Amino acid sequence: MLEASHRYFHRAADLLDLDPQLRLILLTPNRVMKVELAFEGADGKIIRHTGFRVQHNNRRGPYKGGLRFHPAMDEEHATALANLMTWKTAVVGVPFGGAKGGIDCDPKTMDPIDVNTMTRLFVGQLKEVIGPMIDVPAPDMNTDGSVMAWIMDEYSKYHGFSPAVVTGKPLHLFGSEGREEATGRGVAHLVVAALAEDGRKPDGIKVAIQGFGNVGTFAALTLSALGAKIVAVGDYFGGVARPDGLDVAALVEWTREHRTVKGFAEAEEIEPSAVLTADCDVLIPAAIEDVLTEENAAEVRATLIVEAANAPTTPEADEILLKRGVKIIPDILANAGGVTVSYFEWAQNIQQYRWDLERVRLELEKTMHRAYAEVRAMARQHRTDMRTAAFALGIQRVGRAAVSRAQIRRAIAL
Ligand code: NAD
């Protein structure tokens, strides 16, 4: 994944004719942390894990990015994802930099008491390098509002009441209205924006969605409320399809109960991977990375792909799809709704003021449409695709901030 994001970076940097020194500065993480977390578990056995936090760039504001509790978490993963966060926050224009981190564990197999202890130990190790104006973590894979509440509590023991140290907190503990739905709604706004450009409306458009978790569910609900037909949905365990459109509310209900779309009666059963090549206008990969590859890219039937997941398209697949004329809204724009409402949460915490849901939704919609228009303008100016344009916009904004703050006298054009 790191290699792919570097490739996209250089493609955009070439377009901007970016100074080689500045490329190096912008690609290198500012700080990489690796900490040992060892303690006696609830059953008396010693538990040992490694925690990571990569602070990639903070030229435009405090570091921002999720914490992932997953056995595959390592320095390379954290670095690649931190890198993407830097461009993502810049593309949507929220005043943050980029970071990512986590712990190499599987919390699903752990005693919740041990997950709590481990999280607090992690905060103990990071307490001087995170903070509302330094680095603001958020939930990611296998971390949720409870983990954020523990982080806020532990951090506040050292620094006083600090709700703004993390986002994605529960609503009753200074979380924001609309945070849970934000990424999926943001994806839906971009589908609307991309269709509008071709004079189309979501009404009657056929959509296929891979992944029916937080992001996939809210993207499906928002798009079907706008009249789109959700024709295929898949998750880790199975897939379902209905050419006339699935009953999304019923499917959400089913999934809440059974933890998978598999077995949903009012649909035809399909292989999970068949969702990617389903007969549809819009494809939304909203599950995991590297699912669109050189093996299946030629079979994708959608004409618009909106990357809700991080890095779902390999560079090889990207090339094939672009040659075929498929429009791709890249991850650093497509799934930025989450970090946008995280910014609203942080702003509310700093101001000690609460926004209502209507305001959050309206500001999110404005932000996503503005970001789309700005990336589009960059794509037109340089006659390039949306991914390269989004990277170029992010690099330009971070690069300009870096150059101004460094008081470099030699002119670097950006
Ligand atoms: P989630 O855990 O709630 O849901 C993930 C879904 O993907 C589940 O339905 C799961 O069954 C499915 N899935 C997992 N492996 C699969 C496989 N091999 N094939 C098909 N389906 C598979 O996660 P989420 O929060 O909805 O996040 C989805 C993606 O969006 C991730 O890539 C995440 O990094 C990205 N993302 C999420 C947010 C957010 O705010 N939640 C923000 C930005 C990016």
Side-chain angles (χ1 to χ4, degrees), residues 1 64-70 72-73 77-78 80-82 84-85 87-89 91-92 94 98 100 102 106-108 137-145 147-148 167-169 175-176 178-188 190 208-221 232-240 251-252 254-256 258-264 270-278 283-293 296 306-313 329-345 364 368:
M1 196 203 291
K64 184 94 193 80
L67 287 178
R68 183 175 283 200
F69 289 178
H70 193 275
M73 190 64 200
H77 252 85
L81 292 165
L84 288 179
M85 284 305 296
W87 318 127
K88 191 182 295 183
T89 52
V91 165
V92 280
V94 295
K100 204 78 169 193
D106 183 1
K108 291 195 204 101
D140 198 86
M141 227 177 259
N142 299 329
T143 56
D144 55 13
V147 176
M148 297 306 116
T167 58
K169 299 179 291 296
S176 177
R179 173 62 188 89
E180 199 191 350
E181 63 181 29
T183 308
R185 276 186 87 88
V187 166
L190 290 173
I209 304 180
Q210 186 199 41
F212 208 55
N214 170 279
V215 181
T217 303
F218 283 109
L221 285 169
V233 170
D235 62 21
Y236 183 79
F237 305 99
V240 289
L251 185 60
V252 170
W254 170 272
T255 310
R256 275 202 187 120
H258 299 87
R259 306 210 155 259
T260 173
V261 297
K262 194 178 163 83
F264 180 60
I270 57 168
E271 283 297 310
S273 58
V275 171
L276 298 169
T277 52
L283 172 63
I284 303 179
I288 51 163
E289 60 222 35
D290 294 340
V291 293
L292 292 170
T293 64
N296 60 12
V306 181
E307 293 183 341
N310 283 318
T313 312
I329 310 299
D331 49 6
I332 57 170
L333 170 61
N335 66 33
V339 77
T340 300
V341 176
S342 270
Y343 161 56
F344 299 159
E345 180 179 335
L364 171 67
M368 299 311 288

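Whatever order the structure lists them in is the order used to number ligands and atoms, beginning at 1. Please read these numbers as outputs of a predicted model, since none were measured by experiment. In what follows, every heavy atom counts, from backbone to side chain, and hydrogens, waters and symmetry copies are set aside.
Across the listed options Ala309, Gly213, Ala138, Gly213 owns the non-hydrogen atom lying nearest to atom 6 (C) of ligand 1. If you check each of Asp140, Thr260, Ile288, Val233 against atom 18 (N) of ligand 1, the one with the closest non-hydrogen atom is Ile288.
Salt bridge annotation for Arg259-Asp235: absent, with no cationic side-chain nitrogen under 4.0 angstrom from a carboxylate oxygen.
Contact of the Leu276 side chain with the Leu283 side chain is registered, since non-hydrogen atoms from C-beta on lie closer than 4.5 Å. Residues His70 and Lys108 form no side-chain contact, since every pair of their non-hydrogen atoms from C-beta on lies 4.5 Å or further apart. No side-chain heavy atom of Gln210 sits less than 4.5 Å from a side-chain heavy atom of Ile284. Contact of the Leu333 side chain with the Leu190 side chain is registered, since non-hydrogen atoms from C-beta on lie closer than 4.5 Å. Looking at Phe212 and Leu251, their side chains come closer than 4.5 Å, going by heavy atoms from C-beta outward. Between Phe69 and Val147, some side-chain heavy-atom pair lies under the 4.5 Å cut-off. Here the side chains of Val92 and Ile332 are not in contact, with every heavy-atom distance at 4.5 Å or above. In this structure, the side chains of Leu364 and Thr340 come closer than 4.5 Å at one or more pairs of heavy atoms.
Some N or O of Thr183 is nearer than 3.5 Å to an N or O of ligand 1, by distance alone. Remark: ligand 1 and Phe212 share an N or O pair separated by less than 3.5 Å (distance only, no angle test). Considering backbone and side-chain atoms together, Ala287 places an N or O closer than 3.5 Å to an N or O of ligand 1. Any N or O atom pair closer than 3.5 Å counts here, and Tyr236 shares at least one such pair with ligand 1. Of the N or O atoms in Lys88, none lie within a sub-3.5 Å distance of an N or O in ligand 1. Not one N or O of Pro272 is nearer than 3.5 Å to an N or O of ligand 1, by distance alone.
Distances below 4.0 Å separate heavy atoms of Asp235 from the following atoms of ligand 1: 9 (O), 11 (O), 20 (C), 21 (N), 22 (C). Of all the atoms in ligand 1, the ones that sit under 4.0 Å from a non-hydrogen atom of Arg179 are 40 (O). Residue contact check: Ala286 has heavy atoms under 4.0 Å from atoms 28 (C), 29 (C) of ligand 1. Contact atoms of ligand 1 toward Asn310: 32 (O), 34 (O), 44 (C) (distance under 4.0 Å to a heavy atom of the residue).
Atom 26 (O) of ligand 1 has as its closest protein heavy atom Val215 N, 2.9 Å. For atom 19 (N) of ligand 1, the closest non-hydrogen atom of the protein is Gln210 NE2, 3.8 Å.
One side chain, Lys88 or Asn310, offers a donor N or O that lies under 3.5 Å from an acceptor on the other.
The shortest heavy-atom distance from Ala308 to ligand 1 is under 4.0 Å.
No part of Met141 comes within 4.0 Å of ligand 1, judged by heavy-atom distances.
Remark: atom 23 (O) of ligand 1 lies closer than 4.0 Å to no protein heavy atom.
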